[in-house]
Q: 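I'd like to ask you about the structure that follows.
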Protein chains: 2
Amino acid sequence: MQLNKKVKVEQGAEQKIIAAARRIFQRKGMAGARMEEIAAEAGINKALLHYYFRSKEKLFQVIMMEAKGQMLGRLHPILGSDAPLFEKIELFVESYISFVTENPFLPGFILHEINRHPEKLVNEISSGAKRPNLSKFFQQVETEIKKKNIIAIQPEQLFMNMLSMCVFPFVGRPMLQTVLNVTDKKFNQLLADRKKEIPVFIINSIKR
Amino acid sequence: MQLNKKVKVEQGAEQKIIAAARRIFQRKGMAGARMEEIAAEAGINKALLHYYFRSKEKLFQVIMMEAKGQMLGRLHPILGSDAPLFEKIELFVESYISFVTENPFLPGFILHEINRHPEKLVNEISSGAKRPNLSKFFQQVETEIKKKNIIAIQPEQLFMNMLSMCVFPFVGRPMLQTVLNVTDKKFNQLLADRKKEIPVFIINSIKR
DNA sequence: TGCACTATTAACCATTTGGTTAAACAATGC
DNA sequence: GCATTGTTTAACCAAATGGTTAATAGTGCA
């Protein structure tokens, strides 16, 4: 028989802290987050935060690294694959929207924090993980243009368009929802629809 | 002869404060901004901030109202006009990108602060200014669909796409620039190109 | 059982920070 | 000139906040 009081759902303190820090940091940002608040959210004492992660800055780095990794890490596997261009676009949009749906505060968090520190660029992405490489995707676009399968477009512009349409509605949700004057339910439906709508929109636009 | 030491460029203290607060708040957000810092940026004493604007919160409200007004105020004049749909799209994109080019931190600022306060929605936009009304634009889209001039698309999706492609590259610039691996100059060129590229992209996508 | 080691906490500390106050300073009217 | 009113500042204050410490509780193991 095991006497361990913390079984099943009861994750260790370290994990509880990370989960709490994720929630608080992502919503309020580094400057807006309070160590006390994170401790409370994790259901522990403030001193324990410093026991596991020495400082607010250190804890923040952990969350930020994780966030960057999640946000950028899915670019390469999809865009670097061998799938044909149109299929790749569909895959990318579906995957990215699914991810952001699960983590609606993540993009805004990263963007705000990066803007806050213009000095150190986004370098050392995810602590030296592979920098996302778009060359495969870019080559594919160039090839399809040469083959007259799609119209001439700068690959960079196409990529920006794709990413913008996937991510922005989540970052700008409160503003958009007000301007569009729709309910939560309706807006969620619109977001869900975009998994199918955006690929159609993009492919319509570029195919000859 | 006027003895007034503060002529020409020397705006009054109140204006200097607002200008400084705009810069600091937009870059660092409410929580990240320091009153002392704003005072220094304005070249005055911290106590003078409280003389003109009673509290940080009050000063912040001034900047936020102004920001919302600028961001949302330009929607209605363009989208509510009588211009034909395609022309309207061109006007909108050009106007919006020009504006965001001049105020690159403004969208991120608003979005972050709104996310930070989910309770009070974007209501009371610009202190009761006219809520942007998209109905004219939406009607136009419906009409063009009926006339078979454009393909079927939910007007809300079209609007989201437009706004996303205009705004996101500025909000997400640091991330995008890293991923695309381009210089400042090249990225600025890409952004400038978008004034023409986005309308083409959109119209290509929807026209029959 | 007792010892070493980890985990956890309450109380505390130093610094930062928004905000206040009283006094100096400048402009303006009489 | 001098009183009055508006502007600006240095010094100060109280609350908030990140971080520390010393003591306590729990755990494995010899």
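Not measured: the values here are computed from a predicted model. Below, read A as the first sequence line, B as the second, and so on, with proteins coming before strands; counting in each chain starts at 1.
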Q: What is the nucleic acid contact for Phe53(B), judged by heavy atoms within less than 4.0 Å: base, sugar-phosphate only, or nothing?
A: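 No contact.
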Q: When the distance from CZ of Phe60(A) to P of dG19(D) is rounded to whole Å, what number comes out?
A: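 The answer, rounded to whole Å, is 13 Å.
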Q: Checking contacts here: which listed nucleotide (dG19(D), dT8(D), dT9(C)) is nearest the side-chain heavy atoms of Met35(A)?
A: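 Nearest to the side-chain atoms of Met35(A), counting from C-beta on, is dG19(D).
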Q: In whole angstrom, what separates Ile24(B)'s CD1 from dG18(C)'s P?
A: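 So the CD1-P distance, Ile24(B) to dG18(C), works out to 12 Å.
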Q: With a sphere of 6.0 Å drawn around NZ of Lys196(B), does it hold more than 12 non-hydrogen atoms of other residues, nucleotides or ligands?
A: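 Open: at most 12 neighbouring heavy atoms sit under 6.0 Å from NZ of Lys196(B).
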Q: What contact category does Ala33(A) fall into here, base, sugar-phosphate, or nothing, at under 4.0 angstrom with non-hydrogen atoms?
A: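 Contact class for Ala33(A): sugar-phosphate only.
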Q: Out of dT20(C), dT8(C), dT17(C), which nucleotide sits closest to the side chain of His50(B)?
A: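 Output: dT20(C).
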Q: Go through the N and O atoms of the side chain of Lys56(A) and the base of dG19(D), and report whether any donor-acceptor pair is under 3.5 Å.
A: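 Side chain to base: no pair below 3.5 Å.
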Q: Using modelled atom types and a 3.5 Å cut-off, is there a donor and acceptor pairing between side-chain atoms of Gln177(B) and backbone atoms of Val182(B)?
A: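 Confirmed, Gln177(B) side chain pairs with Val182(B) backbone.
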Q: Quick one: Ile44(A) CD1 to dT9(C) P, roughly how many Å, whole number?
A: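 About 7 Å, once rounded to whole Å.
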Q: Could you say whether Ala47(A) or Met30(A) is positioned toward the 5' end of DNA chain D, judged by the nucleotide with the nearest heavy atom to each?
A: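 Its nearest nucleotide lies further toward 5', so the answer is Met30(A).
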Q: Rounded to the nearest angstrom, tell me the gap between atom CD in Glu36(A) and atom P in dA16(D).
A: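 Answer to the nearest Å: 11 Å.
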Q: Of the listed nucleotides (dT17(C), dG18(D), dT8(D)), which one gets closest to any side-chain atom of Arg34(B)?
A: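 So the nucleotide nearest the side chain must be dT17(C).
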Q: Ignoring the backbone of Asn45(A), work out which of dT9(C), dT8(C), dG19(D) is nearest its side chain.
A: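 The nucleotide sitting nearest to the side chain is dT9(C).
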Q: Quickly work out the Ile38(B) CD1 to dG19(C) C1' distance and round it to whole Å.
A: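 For the pair Ile38(B) CD1 and dG19(C) C1', the rounded distance is 14 Å.
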Q: Would you mind telling me which of dG18(D), dT17(C), dT8(D) lies closest to the side-chain atoms of Tyr52(B)?
A: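 Of all the options, the side chain of Tyr52(B) is nearest to dT8(D).
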Q: Donor-acceptor pair, Arg22(B) side chain versus Ile17(B) backbone, under 3.5 Å?
A: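 Answer holds: no.
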Q: Answer with base, sugar-phosphate or nothing: what part of the nucleic acid does Leu49(B) contact at a heavy-atom distance below 4.0 Å?
A: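 No contact.
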Q: So which nucleotide from dG19(C), dA10(C), dT9(D) ends up closest to the side chain of Ser55(B)?
A: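 Minimum distance to the Ser55(B) side chain belongs to dG19(C).
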Q: Is any side-chain heavy atom of Leu48(B) closer than 4.5 Å to one of Tyr51(B)?
A: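 Counting from C-beta outward, Tyr51(B) and Leu48(B) do come under 4.5 Å.
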Q: Please tell me if Tyr51(A) has a side-chain N or O lying less than 4.0 Å from either OP1 or OP2 of dT21(D).
A: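 Result: no.
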Q: CG of Leu48(B) versus P of dA10(D): gap in Å, rounded?
A: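 After rounding, the reported distance stands at 11 Å.
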Q: Within this structure, what is the NZ-to-P distance between Lys46(B) and dC13(D), rounded to whole angstrom?
A: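 My rounded result for the distance is 13 Å.
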Q: Rounded to the nearest Å, what distance is computed from the CD1 atom of residue Ile17(B) to the P atom of nucleotide dT7(D)?
A: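 One finds 11 Å between P of dT7(D) and CD1 of Ile17(B), rounded.
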Q: Kindly state whether the ring of Phe92(B) and the ring of Tyr96(B) have centres lying under 6.0 angstrom apart.
A: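 Yes, the ring of Phe92(B) comes within the 6.0 Å limit of the ring of Tyr96(B), centre to centre.
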